[in-house]
Amino acid sequence: MSTVKDLLSEKGGAVFAVTPDQPVFAALQLMAERGIGSVLVMQGRELLGIVSERDYARKVVLLGRASRDTPVSDVMSAPVVCVEPRTGIHTCMQLMTDQRIRHLAVTADGATLGVISIGDLVKRILADQAVEIDQLKQYIAS
């Protein structure tokens, strides 16, 4: 079974973060530049929260706030739901479903190693299923 460690080794473990005092606009810029749907909120090495496009829509746009004047700390989701590298992808999928979230931070020994998204999980599950189907076809044909 695939693990979070497998996912991070494929996609890379880049950590994209903003500080809690930065404006939401800075977080949106970073998300747009990197083509991602969320960024972590960190103070140094300390993981404080996560801000996503969903947070922006619900906590800035719908409330009539200005993204250039609103600090990330006002809209971030905290605490962050985290998993370890050894966590299985099916466990992650269940956690995301239960928590109704789309991103999980990956941490180990107090360090933040990266973020995985629901899209990462679906992609990996589909790839694993394709391999399993091919193996079954080969088994049946032999």
**Asked** Counting only heavy atoms not in R54, do more than 12 fall under 6.0 Å of its CZ?
**Response**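 Above 12, so yes.
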**Prompt:** How about K59: does its NZ atom have over 12 heavy atoms from other parts shown lying under 6.0 Å from it?
**Reply:**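 Yes, NZ of K59 has more than 12 neighbouring heavy atoms, counting only those of other groups under 6.0 Å.
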Do [X] and [Y] share a hydrophobic cluster, counting only Ile, Leu, Val, Met, Phe, Trp and Tyr and linking them when any side-chain heavy atoms are less than 4.5 Å apart?
| X | Y | result |
| --- | --- | --- |
| F25 | I36 | no |
| V51 | L63 | no |
| M93 | V81 | yes |
| V106 | L40 | no |
| L8 | L95 | yes |

Reported [atom1]-to-[atom2] distance for the pair [X] and [Y], which is rounded to 0.5 angstrom:
| X | Y | atom1 | atom2 | value |
| --- | --- | --- | --- | --- |
| Q29 | E33 | CD | CD | 6.0 Å |
| Q129 | R124 | CD | CZ | 12.0 Å |
| L113 | E84 | CG | CD | 9.5 Å |
| R102 | M96 | CZ | CE | 10.5 Å |

Would you call [X] and [Y] a side-chain contact if the rule is heavy atoms closer than 4.5 Å?
| X | Y | answer |
| --- | --- | --- |
| D128 | I89 | yes |
| Q43 | P20 | yes |
| V18 | V41 | yes |

**Message:** Is it the case that the side chain of S9 and the backbone of D6 share a donor-acceptor pair, with hydrogens and angles ignored and the cut-off at 3.5 Å?
**Reply:** yes
Nearest heavy atoms of [X] and [Y], plus distance in Å:
| X | Y | result |
| --- | --- | --- |
| L47 | A105 | CD2-CB, 4.0 Å |
| D55 | S77 | OD1-OG, 3.0 Å |
| L48 | A78 | O-CB, 3.3 Å |
| T87 | V83 | OG1-CB, 3.7 Å |
| A108 | P85 | CB-CD, 3.9 Å |
| A27 | V72 | CB-CG2, 4.2 Å |

**Message:** Working note: M31 + V39, criterion side-chain contact (heavy atoms from CB on, under 4.5 Å); need CA distance, chi angles, decisive distance, verdict.
**Reply:** CA-CA 7 Å; M31 285 186 249; V39 293; 3.8 Å; yes
**Request:** Report the C-alpha separation of R65 and D74 in whole Å, then their side-chain angles, then the decisive distance to 0.1 Å, and conclude whether the side-chain contact (heavy atoms from CB on, under 4.5 Å) test is met.
**Result:** CA-CA 11 Å; R65 297 169 118 177; D74 285 1; 3.5 Å; yes
**Item:** No-hydrogen, no-angle side-chain donor-acceptor test under 3.5 Å, S117 and D120
**Value:** yes
**Request:** Apply side-chain contact (heavy atoms from CB on, under 4.5 Å) to the pair D134 and V131, showing each step before the final yes or no.
**Result:** CA-CA 5 Å; D134 284 344; V131 168; 5.8 Å; no
**Message:** Quick one, H90 with I125, criterion side-chain contact (heavy atoms from CB on, under 4.5 Å). Give me CA distance, side-chain angles, the key distance, then yes/no.
**Reply:** CA-CA 8 Å; H90 292 284; I125 288 170; 4.2 Å; yes
**Test applied, side chain to side chain contact (heavy atoms under 4.5 Å, CB included); reference residue, L104; option that passes from I118, V80, I116** = I116
